[in-house]
Protein chains: 2
Amino acid sequence: MDTGIANLLGALSLAVMDRIEQGARDVVGRGGETPAALIVIGYGRGMTNDKLRRILDLSHSGTVRLVDRLVTDGLVERRPGKDGREVALHLTTKGAASRKELLASRISAVASLLDVLSPAETKRLGTLIHDLLARQDTSEMDRFTICRMCDDQCCSNCPLPTSKGKGDR
Amino acid sequence: MDTGIANLLGALSLAVMDRIEQGARDVVGRGGETPAALIVIGYGRGMTNDKLRRILDLSHSGTVRLVDRLVTDGLVERRPGKDGREVALHLTTKGAASRKELLASRISAVASLLDVLSPAETKRLGTLIHDLLARQDTSEMDRFTICRMCDDQCCSNCPLPTSKGKGDR
DNA sequence: AATAATATGTGCGTAGCGCACATATTTGGT
DNA sequence: ACCAAATATGTGCGCTACGCACATATTATT
């Protein structure tokens with residue numbers, strides 16, 4: 001039955017995210033979208049509060065407070081953006097280190113589940129997931145949202161389709 | 001590279017859980033572990049506060065308050081347990097209906113991502129995920145935790161190994 | 001019977017978030 | 001050049017979901 005496979009993927013995804021979130025909390029001491037924010041701020045220059053808000057799918061005020069927490073923790077700096085309204089978000093040295101640790105923790109968490117498969121099985125699984133993601137109908141923003149925890153290398157080789165006709169800027 | 005596949009599975013899992021959680025919130029009007037609690041209470045008779053706590057991996061007080069919310073919402077009843085200390089948690093009619101809707105929402109959310117694959121690909125993916133889960137080293141409690149959002153049919157045909165030597169009670 | 005273990009409930013605080021509102025800057029129409 | 005709309009940020013306030021420490025009731029152990 002088809003729903004049986006959906007159920008399996010749901011269970012696996014839950015197990016994966018439980019482990020990722022636990023590791024992330026251990027690394028940055030915060031939960032919710034805060035770890036994702038650290039990663040997102042790190043991978044794009046010129047990240048602003050408002051772009052971040054859309055990627056994390058939070059309210060505006062929620063995003064401001066999230067950045068407040070990152071600033072309090074010494075992980076992020078608010079600098080003046082080129083557009084006088086914008087705030088340019090930059091990682092501090094400490095923030096960049098935490099981000100790196102966070103990404104490593106995430107990969108390690110997933111890999112620990114994955115390593116019961118043989119190399120051949122792993123490769124087949126990778127191909128299937130790649131195709132599954134590549135065929136999704138995603139907007140530019142969906143893509144950033146799905147990849148908000150991705151390791152940098154991911155988005156240099158990202159299977160998610162770039163929807164043309166919606167220029168980023 | 002192996003970490004590339006871990007990254008893909010991480011991204012997919014995030015996308016899957018985003019959709020499941022959004023749907024769950026739409027159905028029950030609550031977030032966090034509350035939807036999972038509704039499912040867990042529904043699939044085992046004799047569910048107690050303490051068993052629930054361990055399955056959801058929450059603190060004791062967090063679990064009590066979670067059940068408070070479910071009772072307030074008219075989804076769950078506290079009945080006297082056979083052991084005079086225990087509270088037996090039971091779904092109300094409304095609770096059972098919400099639970100059913102919740103499970104359907106979850107399957108639908110996952111299926112909407114999955115349906116870009118051909119039947120053959122879907123089947124291969126199902127086999128891989130099944131094996132991946134079946135080979136995990138899970139305790140009895142891990143198993144309940146991973147399956148805390150599972151549709152009933154899952155755990156009648158669950159790939160997760162039952163660790164013998166750790167009796168349930 | 002006394003002590004420990006088990007199970008639940010409560011006071012209190014915190015993290016993470018949303019809504020409504022206020023403010024500053026830029027853009028666009030006239 | 002001017003004024004309205006759009007854009008981007010920050011703030012007051014409240015709520016949900018949760019944890020810690022403590023209190024209480026019941027059962028198990030010795």
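All chains are named by letter (A, B, ...) in the order of the sequence lines, taking the proteins before the strands, and each is independently numbered beginning at 1.
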- What do you reckon, is CG of B/Asp131 surrounded by more than 12 foreign heavy atoms closer than 6.0 Å? yes
- Start with the C-alpha gap between A/Arg78 and A/Asp68, add the side-chain angles, then the distance that decides, and say whether salt bridge (Lys or Arg N to Asp or Glu O under 4.0 Å) holds. CA-CA 9 Å; A/Arg78 284 184 168 110; A/Asp68 286 346; 2.8 Å; yes
- In whole angstrom, give the distance that lies between atom CD of B/Glu21 and atom P of C/dC17. 12 Å
- Query: Is any side-chain N or O of A/Arg30 closer than 4.0 Å to OP1 or OP2 of C/dT14?
  - Reply: no
- Message: Checking side-chain polar atoms at under 3.5 Å, does B/Asp142 have a donor or acceptor matched by the opposite partner on B/Thr145?
- Response: no
- Under 3.5 Å, is there an N or O donor on one side and an acceptor on the other linking the side chain of B/His60 and the base of D/dG19? no
- Task: Check every strand shown and say whether A/Arg78 touches a base, only sugar-phosphate, or nothing at a heavy-atom separation below 4.0 Å.
- Result: sugar-phosphate
- Rounded to the nearest angstrom, tell me the gap between atom CE in A/Met47 and atom P in D/dT9. 11 Å
- How many angstroms lie between CZ in A/Arg85 and OG1 in A/Thr48, if you round to the nearest 0.5 Å? 10.5 Å
- Message: Expressed as a whole number of angstroms, how long is the span from A/Arg53:CZ to C/dG16:C1'?
- Response: 17 Å
- Query: Taking CG from A/Leu89 and C1' from D/dT9, how many angstroms apart are they, rounded to a whole number?
  - Reply: 11 Å
- Query: What do you reckon, is CG of A/Asp18 surrounded by more than 12 foreign heavy atoms closer than 6.0 Å?
  - Reply: yes
- Between B/Thr48 and A/Gly29, whichever has its closest DNA chain C nucleotide further toward 5' is B/Thr48
- Is A/Arg54 near enough to D/dA8 that one of its side-chain N or O atoms lies under 4.0 angstrom from OP1 or OP2? yes
- Query: Taking atom P of C/dT25 as reference, at what distance in whole Å does atom CG of A/Asp50 sit?
  - Reply: 17 Å
- Query: Can you check the A/Leu52 CG to D/dA8 P distance for me, whole Å?
  - Reply: 13 Å
- Note, B/Leu117 side chain near B/Leu125 side chain (heavy atom, < 4.5 Å): yes
- Note on the structure: note: B/Lys82, atom NZ; D/dA28, atom P; distance rounded to Å ~ 12 Å
- A/Asn49 CG to C/dA24 P: how many Å, rounded? 17 Å
- Any idea which of D/dC18, D/dA28, C/dG18 is nearest the B/Arg85 side chain? D/dA28
- For DNA chain D, determine which residues of residues 61-76 of chain A have any heavy atom closer than 4.0 angstrom to one of its atoms, and list them numerically. A/Ser61, A/Val64, A/Arg65
- Query: At under 4.0 Å between heavy atoms, what does A/Gly81 touch on the DNA or RNA strands: base, sugar-phosphate, or nothing?
  - Reply: nothing
- Task: Look up atom CD in B/Glu21 and atom CE in B/Met149, then write down how far apart they are to the nearest 0.5 Å.
- Result: 7.0 Å
- Would you kindly compare A/Arg25 and A/Asp83 by the position of their nearest DNA chain C nucleotide and give the one closer to the 5′ end? A/Arg25
